[in-house]
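As structure tokens, the structure follows; a few thoughts come after it.
Residue numbers count from 1 along this sequence.
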Amino acid sequence: CCVLRTGRAEVRRSGHVLARLAPGDLFGEEALITGSGRNASIVMTEDGSVMTLSVEAFQRLLLAEVMRAVDEPGCRVPLHLLDIRQMNHTGHAGTVPGHGALCLPLQNLREGASSLPKDAAYAVSGASAPQRALAVFLLARRGIVAVPLGR
């Protein structure tokens with residue numbers, strides 16, 4: 001996992017800009033959480049520096065803290081179901097017909113999380129356990145309470 005210390009960068013895939021990074025932003029966390037390979041390129045758009053975190057440091061300092069926070073008892077906010085596997089009939093975020101869950105596919109979660117109310121809490125379903133953990137991590141980084149469903 002890398003942290004952009006100074007400068008600016010872009011996350012690119014197939015020539016498209018997926019995100020713009022500023023100092024303090026992380027990249028590479030998906031591979032550490034899910035065990036998957038690299039799925040995008042990071043291109044510096046201005047001079048800067050990057051710090052790296054080992055797998056052990058990432059798990060101890062970031063992932064463990066996020067997962068501990070969502071497992072703490074006392075959450076009195078009702079959980080809304082968030083399905084990260086499915087898309088609605090338009091191919092975008094929305095509700096899943098039949099069970100009323102919000103759907104926001106994992107690949108759209110980074111951009112779409114800003115549309116989720118921060119005063120709500122979410123139970124993340126769908127996909128694999130590592131992908132649900134990644135979704136919880138990404139949401140927590142944006143101040144949104146989420147818990148993974150299932151193991």
Side-chain angles (χ1 to χ4, degrees), residues 1-4 9-43 51-151:
C1 177
C2 297
V3 181
L4 187 60
E10 291 179 343
V11 181
R12 296 181 186 173
R13 182 182 310 134
S14 302
H16 295 94
V17 175
L18 302 177
R20 289 180 171 70
L21 304 177
D25 286 338
L26 300 175
F27 57 94
E29 72 277 12
E30 185 171 338
L32 294 183
I33 295 172
T34 66
S36 62
R38 185 175 76 90
N39 61 23
S41 297
I42 306 300
V43 177
M51 298 180 295
T52 60
L53 288 172
S54 67
V55 173
E56 297 79 17
F58 175 79
Q59 290 175 343
R60 185 180 75 251
L61 298 172
L62 297 174
L63 188 58
E65 287 300 310
V66 167
M67 298 312 279
R68 186 182 67 187
V70 300
D71 286 338
E72 288 179 358
C75 178
R76 301 289 181 240
V77 178
L79 292 175
H80 301 279
L81 188 60
L82 178 63
D83 192 317
I84 61 169
R85 173 191 54 213
Q86 300 181 38
M87 290 191 187
N88 66 9
H89 65 283
T90 65
H92 295 87
T95 57
V96 177
H99 61 90
L102 288 173
C103 69
L104 186 55
L106 184 58
Q107 66 266 26
N108 301 102
L109 191 61
R110 283 180 172 82
E111 302 84 34
S114 60
S115 68
L116 297 173
K118 287 191 175 186
D119 59 347
Y122 298 90
V124 178
S125 70
S128 67
Q131 290 170 322
R132 291 191 301 273
L134 174 62
V136 167
F137 180 79
L138 294 173
L139 292 169
R141 283 187 44 216
R142 286 160 178 77
I144 298 171
V145 175
V147 296
L149 285 181
R151 293 278 171 196

(Q) Side chains of L109 and L134, heavy atoms from C-beta outward: is any pair under 4.5 Å? (A) no

Q | Nearest atoms (heavy-atom pairs only) where Y122 meets L102 | A | CE2-CD1, 3.7 Å

**Q.** Residue pairs fulfilling salt bridge (charged side-chain N to carboxylate O under 4.0 Å, His left out) with at least one residue in residues 30-40, sequence neighbours excluded
**A.** E30-R110

**Q.** Reported OG-to-CD1 distance for the pair S128 and I84, which is rounded to 0.5 angstrom
**A.** 7.5 Å

Q. In this structure, which one of L21, L32, V3 forms a side-chain contact (heavy atoms from CB on, under 4.5 Å) with L26?
A. V3

Q) Hey, does V17 have a side-chain heavy atom less than 4.5 Å from the side chain of V43? A) no

Q. How would you list, by chain and number, every residue that makes a salt bridge (Lys or Arg N to Asp or Glu O under 4.0 Å) with R13, sequence neighbours excluded?
A. none

Q. What are the two closest non-hydrogen atoms of A113 and L104, and how far apart are they?
A. N-CD2, 4.1 Å

Q: Flag the pair I42 / V11 as yes when at least one side-chain heavy-atom distance between them is below 4.5 Å, and no otherwise.
A: yes

Q | Residue pair A146 / V136: nearest heavy atoms and the distance that separates them | A | O-CG1, 3.5 Å

Q: For C2 and T52, work out which heavy atoms get closest and say how close.
A: SG-CG2, 3.7 Å

Q) Say you draw a straight line from CG of L106 to CG of D83; how long is it, rounded to the nearest 0.5 Å? A) 11.0 Å

Q | Closest contact, heavy atoms only, S36 versus A31 | A | O-CB, 3.2 Å

Q: Indicate yes or no for a side-chain donor-acceptor contact from R142 to the backbone of L138 under 3.5 Å, with no hydrogens or angles considered.
A: yes

